[in-house]
Structure formats: C-alpha cells, structure tokens
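All remarks here apply to the structure that follows.
Order of the sequence lines fixes the chain letters, A, B, ..., with proteins taken first and strands second; residue numbering starts at 1 for each chain.
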Amino acid sequence: MATQDRKNTGARPEEQEEEPVPAQASAADTAQVTDTTAGVDDLLDEIDGVLESNAEEFVRGFIQKGGQ
Amino acid sequence: MTSSAVGPEPERFSVHRVMGTETEYGIIAPGIPDANATVLSSQVVNAYAATLREGLGNLAGTRWDYTDEAPLTDARGWQVGRQSADPSQLTDEPQILTAEQIAMVDREADSAESSVLMNLVLANGARLYVDHAHPEYSSPEVTNPLDAVLWDRAGDAVALAAMKRIAATPGFSPVHLYKNNTDNKSVSYGSHENYLVPRSVPFGRLTAALLPFFVSRQAICGSGRVGLGALNQEPGFQLSQRADFFENDVGLETTVRRPIINTRDEPHAVAEKYRRLHVIIGDANLSEVSNYLKLGTTSLVLSLIEHQAFPSVEVLEPVRELQAISHDPTLRHRVRLADGRQVTALDLQEMYLEAALVCRERQGGADEQTEDVLHRWQSIIAVLRQNPMDAADRLDWVAKLKVLEAYRSRDSLAWDDSRLALIDLQYSDLRPEKGIYHRLARRGDMEVLVSEERVQAAVSEPPRDTRAYFRGKCITNFPREVVGASWDSIIFELPSQRRLQRIQTREPLRGTAELTERLFEESADAQEFVSRLLSSPESNVAP
C-alpha cells in the first residue's frame, strides 16, 4: 500500500515547481471562467429578481445562536 | 447476517452500511428581528404537527424517550462528569420552555399543561425537534448513500411544509429556514452524519485513518462560504462553511472546541456490537451529488478501515491544514505530511480513492451503487484537477462560486460587498422560489439524483430496510397508543395494561419491512400487534 502511494501521488509534488499561491486567488481568475460567465447573464437576471431587497440590512439581520 | 453486521453483506467492500443525517437549520423571522430562536424553532415543530393533525386526525405528537441518551460517554474510554460538561452537552434532558415562550408558540395552550411540542417522531421514522436554538431534522436510518440523500431531502420538504404552515397562520410572523452552517458573524451550527461501524474496530484506528480524509473531503463536499475566519474577519471565499470553527483533532464537544473527529459514544444500539461514528465536520449540502459523494466516499473509507486497507498517511497539523485547504479554492495548497511529503487535498482524496479501487479489484468488483460512487469520485477528482468550474453542476461550492464570480464580474463587486454575502446566504434558502440552489436546480443547472415524487413519498414513508420502518409504521398505525419513541425504543400505552410497554429496537437492521410488515397488516389494533410481537418466536425487532 505504501509503495503504491508513492508511485501514484509522490511524484506529483516533485514534478511541479514550487509556486507561491496568490492570496485568495479564485478558481475563476483564469481565462476558462470568462466563457462560463458569458453564459450566466440570464441566470443573474433571474437571481436579481428573487434576491432579498436590502442586502446589507438583511445580512446584518441574519443572526444565529450556536448549534452543534 | 454476522453478529455485528453494520449493513447488508458487511464482509463486502461497499458503500452499504446503516447511516443517517442530522440537519440543524438556520432560522429567522424577518418581521421580528429580536425573536427568540428557541421559540421560533418550536413554532416550526408545532406547525408541522398541525399539518399532520389534519391528515391523520388524532396525532398527539410523541414524547422522546431520553432513557438511552448518553452524551457524555467518550469513545476513547471515559465519561465526562456532568459538572464539567458544557450545558450544551446535556442532550439527555428535554428542553423546557417558559410559560411566556409557550404562549408565543401556541396561543391556545393551557398554561397548566403545555401542549407545545418540542419533539416529533415522524411517520417516515425521522425526528423533528428543537435543538436549543435551531429546528433539527434527524433522518431515519438507511442502508446506503442514495437513500440517505432521499431522506435528507425529505427533511427539507418537512421544514418547508412547516414554514408554509406558519406563513398561512394568522397572527404568526413568517419564519425562514436556511440549510447552511453559519451566520457569518461568529456562530456555527451543524449538519451531521452518522455511520454504523463494528465496535471491534479500535477507535484509534478510525481516528488515524479518517483525519486526512476529513481534512481533504471539503474539496468535493464543501458548500462554499463568503468570508474567512471564525469572526468573518477577512474578505474572500472559501470551500467550507465549517472549517474555521474547528479547533481540535479529536474530542467530545460539539458546540465549543469543535473536533475534526468527534468521540461521542452513544450508539443507540447494542453497544457491544456497534459504534455510531458521529461526524460533525460536514457542511450542509443542497447539491444531491455533493451529498451523495460526502456520504458515499465516507462510507467507503470506513469500509477500507474495516478491511484494514486504508492508505498510510498522516497530516502534521490537521486543524491548520483543514483551514488552509478551505481558504484556497484554487485547490493548490500543499498539506504537510508526517513523512515529509507535501500534497494537495486532491492528492489526499486520490490516495483514498486508489485504496478503494484496489479493494474493489481484490473482491472482483462491487455492487451497482458502490461502482457508481467509485466512478463519480474518480471523475470529480479529475474534473477538479482540470478545471474546477466544470463541476458547477455537481458541487455546492463550485455552483455558489460560479454565481458569485458572475456577480463580481458584472457589477464589479469586492468580496466584502454585502450582496455577495446575501448570495451566500440565499443559496441555502429552503423556499424553492427564493433559494438560489433551488433556482439553479429548476433551470436544470444542477444534477439531481432523486425525483420530487420520491421525495414527497419519503416524507411519510420510512426506509424499508432498517428499524426506521418499525418506528414509522408504529406511529402511522397506532398514533394513539404510541406515547414515546427513540432511536432504539417504542413505548406503547395500551388500554388493557396498567404499565407502559417499552419495546426495544436495539438492532438497526431488524424491525424491517421484511420482518414486520405482515405483523402490521395482520393486527387489527395496537393490543393485538404488541401481543403478537412479544409472543413471536422470531426476533423481528429484538437482537
């Protein structure tokens, strides 16, 4: 089992160069997502229609007690 | 069936085992900003009871049998004293409302005898109750992840029915419910999973094998959260709703000092044979594929543990890595292992997947649902490696992020804009016309695994292959005589008997349709049913 681990996954970190991960880089900061967002304009229109009206006040008002 | 069978065919490597989910819902009454959440939660339970009363005529609600609750028993081998326990740990005592609170729930309540219900055991075998300041739905026991998804969705349908009832009742302010895990101010509440595991598996082995898996599975089943830190101190987006609220690797608590591995040892079953692994780290999932993979892959990992075939891997600082993984939605963060390697969350998931594939090969294949989970697990890891946003039709965090990024792009919003926080919150709104997840599903943007018809049926029908069947059918068929119930007992009050009859159901895999359906069909009333049950030579419900 240990040998298999090394064979299948141990190689990857060595292959890649160490790159610093940008702070809060979003998966969407890549070109690929622009194609995706182009298709969602009509989705946003739909969501615009149902979003609670005063965002700041609504979000501020959502207070919960701790649970498990 | 072997003596500690935790599922059908327990020797086989598979996703099948007794399991269930518990969901604490977020709750507000927008019309009453300082409403007491315990009172609101009671309104939910009572509103649901009211919908049942109309359907069935004479449902009084069923008292929960607290006899077998043991919240202070630690799986590592000790008991916490009541004095040193946090009050929130004392879940073996019923919650009590003040007279004033009772009045807010049921205007007609006689102050001498409260008719306000804090607990309902449902016809589908589930429990709907007030867990401190949240309504909670505990699903009936099922034997596989797909059924778990179905009866979990049934809970959302129950919650929605209660909400609608409140909205339609004059004099009551509407209540909104959210299937999420934080208010993004400082507070978190849970979506728990339960899995039956043989008692013979040492708890230390479970802990060691599960820690790296739990630290990394959020890459697949995280629900996404706008904001970083337990106090929402930094702007941004992260994979998991729950990650920032965890502080320990292992522990008994669930409301403070939350541990990745919870050691609660309360099997609600024959303790010598069974352990109920109580998992508190998961996010509430609306996406059915996310939920299915969460339950399915975890069950597979437990099967690996039972077969002593889990990968040998140790994460150096699990809590720190849990949060670091969550805070990097590009999935590139490298986790430090004890052996010096640095691997990503997907690499960790892949170690478990590969071990699972080996196990499956060794036994020459697996059943249909196990094959399906394995296939989807493999496929989702590949998609996440290639382009995470392609998983928007299957994973909650990706679906949510896709909407968020679209708004950011269209309206030039920074991560601390309250509209993004609102989208995060409203993603989990249970109302089908308002909830963003539900809108996505309705448009066909989300992959759905169970039909609406099956969900509606699961609201009142129990699973047929666990003791949930017995529980649910007792409540449906004998609503007047069943005066108490719990996971492992049903209490009958029979006209002919002075004392209450407590029927123990300590075997989760008995009390099934196969063993008891005929008994229900052939008994004219509760009296006859109980007599036949107790005099039966077969062990229909007893061990």
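Residues B/His134 and A/Gln68 are not in side-chain contact: their nearest non-hydrogen atoms beyond the backbone lie 4.5 Å or more apart. The side-chain heavy atoms of B/Ile436 and A/Leu51, taken from C-beta on, include a pair separated by under 4.5 Å.
For B/Asn232, no part lies near chain A; criterion is any non-hydrogen pair under 4.5 Å. Using a 4.5 Å cut-off between heavy atoms, B/Glu433 touches chain A through its backbone atoms (N, CA, C, O) alone. At a 4.5 Å heavy-atom cutoff, the contact between B/Asp429 and chain A is made by side-chain atoms alone. Using a 4.5 Å cut-off between heavy atoms, B/Thr182 contacts chain A through its backbone alone, with no side-chain atom that close. Residue B/Phe245: no heavy atom, backbone or side chain, is found under 4.5 Å from chain A. In this structure, the portion of B/Leu440 lying under 4.5 Å from any heavy atom of chain A is its side chain and not its backbone. For B/Arg242, the part lying near chain A is the side chain, with the backbone staying farther off; criterion is any non-hydrogen pair under 4.5 Å.
In this structure, B/Lys185 contributes its side chain and A/Phe62 its backbone to a donor-acceptor pair below 3.5 Å. Between the side chain of A/Gln64 and the main chain of B/Ser188, no donor-acceptor pair closer than 3.5 Å is present. Between the B/Gln426 side chain and the A/Ile47 main chain, no donor and acceptor come within less than 3.5 Å of each other.
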Worksheet item: Taking it one step at a time, do B/Val403 and A/Leu43 satisfy side-chain contact (heavy atoms from CB on, under 4.5 Å)?
Response: CA-CA 8 Å; B/Val403 173; A/Leu43 168 65; 4.1 Å; yes
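The minimum heavy-atom distance linking B/Ala133 with A/Lys65 is given by the pair CB-CB, 3.4 Å.
Taking B/Arg419, B/His176, B/His192 one by one and counting their heavy-atom pairs under 4.5 Å with chain A, the maximum is reached by B/His192. Interface summary for chain A: among B/Gly26, B/Ser88, B/Pro33, the most heavy-atom pairs under 4.5 angstrom belong to B/Gly26.
Residue pairs satisfying the side-chain hydrogen bond (donor to acceptor under 3.5 Å, both in side chains) criterion with at least one member in residues 43-52 of chain A, sequence neighbours excluded, are listed as follows: A/Glu46-B/Arg439, A/Glu46-B/Arg443, A/Asp48-B/Tyr407, A/Asp48-B/Arg410, A/Glu52-B/Arg431.
Residues forming a ring-ring contact (aromatic ring centres under 6.0 Å, His included) with B/His132 (at least two apart in sequence, or on another chain): none.
Between atom CD of residue A/Glu56 and atom CG of residue B/Asp417 there is a gap of 9.0 Å, rounded to the nearest 0.5 Å.
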